[in-house]
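Atoms within each ligand, like the ligands themselves, are counted from 1 in listed order.
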Amino acid sequence: MTGEAPSSAAGPAATVLAIESSCDETAVAVLRGRESLLSAVVASQIEAHRPFGGVVPELASRQHSAATPGLLAAALEKAGVDVADVDVFAATAGPGLASSLLVGNTTAKALALACGKPFLAINHLEGHLLSPFFGDSEGVQPNVALVVSGGHTMLVDVAGVGSYELMGRSRDDAAGEAFDKVAKMLGLPYPGGPLIDQLAVEGDPKAYDFPRSMMKKPGFEFSFSGLKTSVRYLTETFDQEKRDEWLPDVCASFQQAVVDVLVGKTLRAAKAAGRKLVTVSGGVGCNRCLREEMQRACDRAGLDLRIAEPALSTDNAAMIAYVAHEHHLLGRSSSLDSDVDPNLPLTNQANRA
Ligand code: KG4
Ligand code: ZN
């Protein structure tokens, strides 16, 4: 279902317009070449979903539908690019919420059709995976990648663009999901990850000894559901009237348990794969404790570390445009009759539908 890009496609400085709508952020970005991000706009739906304590799929797709035309116009205007001058239209094809994916995906296909330009279906995970290289003129270098988002926790051996070997992933909750579920349990609003990060600053990470699941087991799988249950059992015994006193310690101790496992397994994976470079991407990559501890551990082990900057860690369209540009350079394009896939796996040449 893929083919060579039409011969009209521009060379290395192609202009890519990408739409990301896999979950609760609608985002559009215009990228020229590998390095020039001409515009990147995001409409967050967090406020719409907050009363429900999580993302409501139908609400999400309706919000994407309402936000997309305005964001497209804003992104093109900000970029100073006419839609007719876009060389490639791209959109996330999965994984994500089907009805949300369809909004961005169908819009990008319609634009590609109307403008007679190629379309590229992009794997959201590949967007996160390659985001630490955004803006680097040398492009993607071999690395062991920790992708930690609200939906996924995985370790991937990256040999280059499109060459990915999954080393391990979470058997149950993703790290971000664990942050959000523990936050909800503690009475914090959605999404709880950034709030736990903030509260943990005031707390003692050694106050409670939460389990580091799978830490001692060989292999690179994760499990965070037991940790979540431990937090629940512990806090159920606490005096809720004194919540302000114990909350920062619980947040710091929980966060430390997650970070210890993520850092420990990532370092072990880098050693096993023989890679000298470690990357971290995805929303949980914004976590200050994770960033600091991963840096310290990599310094100790003599490894280089690249973490996507915070604006590129949470969902955004610049990372989708970046991956689309890399695949365009390799002469790939996707068929307009390709489907979205809520469970799209990250496999080699992930965009090849
Ligand atoms: O990558 P992302 O924006 O969306 C997905 O693809 O899932 O990640 C969102 C996740 C949420 O679970 C959110 O709570 C978490 O990233 N997150 C954080 C922080 N910032 C975002 N978790 C811990 N600490 C943070 N500072
Ligand atoms: Zn994401």
Side-chain angles (χ1 to χ4, degrees), residues 18-27 29 40 42-46 49-50 53-55 57 60 91-97 100-101 104 122-132 134 145-154 156 169-170 173-186 188-201 203 205 224 227-228 251-252 254-259 261-263 279-294 307-320 322-323 342-344 346 350:
I19 308 177
E20 155 62 38
S21 67
S22 63
C23 191
D24 60 348
E25 326 266 9
T26 324
V42 184
S44 171
Q45 303 178 4
I46 283 177
H49 297 287
R50 187 163 280 152
V55 179
T92 307
L97 301 167
S100 288
L101 289 163
I122 302 298
N123 186 309
H124 181 84
L125 294 172
E126 194 178 12
H128 282 306
L129 187 74
L130 303 191
S131 61
F134 191 95
L146 173 69
V147 181
V148 263
S149 70
H152 297 84
T153 295
M154 48 173 66
V156 185
R169 64 176 151 205
S170 179
D173 292 344
E177 195 178 354
F179 268 95
D180 295 340
K181 285 180 176 170
V182 164
K184 193 173 180 181
M185 209 188 283
L186 297 173
L188 300 169
Y190 169 85
L195 290 169
I196 290 187
D197 187 350
Q198 271 170 33
L199 282 159
V201 174
F224 294 108
L227 171 59
K228 183 185 66 191
C251 289
F254 159 75
Q255 177 177 273
Q256 191 64 51
V258 176
V259 168
V261 178
L262 293 176
V263 172
T279 64
V280 178
S281 59
V284 184
C286 294
N287 185 270
R288 281 168 288 182
C289 178
L290 176 61
R291 295 175 86 93
E292 285 165 20
E293 301 233 346
M294 192 68 88
I307 308 185
E309 62 178 83
L312 285 173
S313 294
T314 50
D315 289 348
N316 66 88
M319 66 183 191
I320 304 301
Y322 179 74
V323 173
N343 302 309
L344 189 64
L346 180 73

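- Considering backbone and side-chain atoms alike, G150 places an N or O below 3.5 Å from some N or O of ligand 1.
- Polar contact check, H124 against ligand 1: a nitrogen or oxygen pair lies under 3.5 Å apart.
- Distances from the Zn ion (ligand 2) show that H152 has no N/O/S atom below 2.8 Å.
- Atom 26 (N) of ligand 1 has as its closest protein heavy atom D197 OD2, 2.8 Å.
- Counting backbone and side-chain atoms alike, C23 contributes no N/O/S atom closer than 2.8 Å to the Zn ion (ligand 2).
- Ring geometry for F134 versus Y322: interplanar angle of 30 to 60°, hence tilted.
- Side-chain atoms of Q45 come within 3.5 Å of backbone atoms of A60 as a donor-acceptor pair (strictly under, hydrogens ignored).
- Considering backbone and side-chain atoms together, G283 places an N or O closer than 3.5 Å to an N or O of ligand 1.
- Under the 3.5 Å distance criterion, the side-chain polar atoms of D180 are matched with a main-chain donor or acceptor of G193.
- Numbered from 1 in the order shown, with element, the atoms of ligand 1 that lie under 4.0 Å from a heavy atom of C286 read 20 (N), 26 (N).
- Heavy-atom minimum distance, S313 versus A308: OG-O, 3.0 Å.
- E292 and R288 are not joined by a salt bridge, as no carboxylate oxygen comes within less than 4.0 angstrom of a charged side-chain nitrogen.
- Looking at C23 and H49, their side chains never come closer than 4.5 Å, going by heavy atoms from C-beta outward.
- Within the 6.0 Å centre-distance limit, the rings of F254 and F179 are counted as a close aromatic pair.
- The heavy-atom pair separating M294 from L262 by the smallest distance is CE-O, 4.1 Å.
- Looking only at protein heavy atoms, the nearest one to atom 24 (N) of ligand 1 is N287 ND2, 3.0 Å.
- Residue contact check: H128 has heavy atoms under 4.0 Å from atoms 1 (O), 6 (O) of ligand 1.
- Between L344 and A93, the shortest heavy-atom distance links the atoms CD2-C, 4.3 Å.
- Closest N/O/S atom of D315 to the Zn ion (ligand 2): OD1.
- Assignment of G151 to the shell around ligand 1 is supported, since a heavy atom sits closer than 4.0 Å.
- The closest donor-acceptor contact from the side chain of T153 to the backbone of A175 lies under 3.5 Å.
- Scanning all protein heavy atoms for the shortest distance to atom 2 (P) of ligand 1 gives D315 OD1, 3.4 Å.
- The distance criterion of under 3.5 Å between nitrogen or oxygen atoms is not met by P191 with respect to ligand 1.
- Only the backbone of S313 comes within 4.0 Å of ligand 1, judged by heavy-atom distances.
- The G176 neighbourhood of ligand 1 comprises atoms 12 (O), with distances under 4.0 Å to a heavy atom of that residue.
- A donor-acceptor pair under 3.5 Å is absent between the side-chain atoms of S100 and the main chain of S22, judged by distance alone.
- Between K228 and M185, the closest side-chain pair of non-hydrogen atoms falls below 4.5 Å.
- Close approach of ligand 1 to G193 (heavy-atom distance below 4.0 Å) involves ligand atoms 14 (O), 18 (C), 19 (C), 22 (N), 23 (C), 24 (N), 25 (C).
- At a 3.5 angstrom cut-off on N or O pairs, T314 does not count as close to ligand 1.
- Looking at E25 against ligand 1, nothing comes within 4.0 Å, counting heavy atoms.
- The protein heavy-atom contact nearest to atom 13 (C) of ligand 1 is D180 OD1, 3.8 Å.
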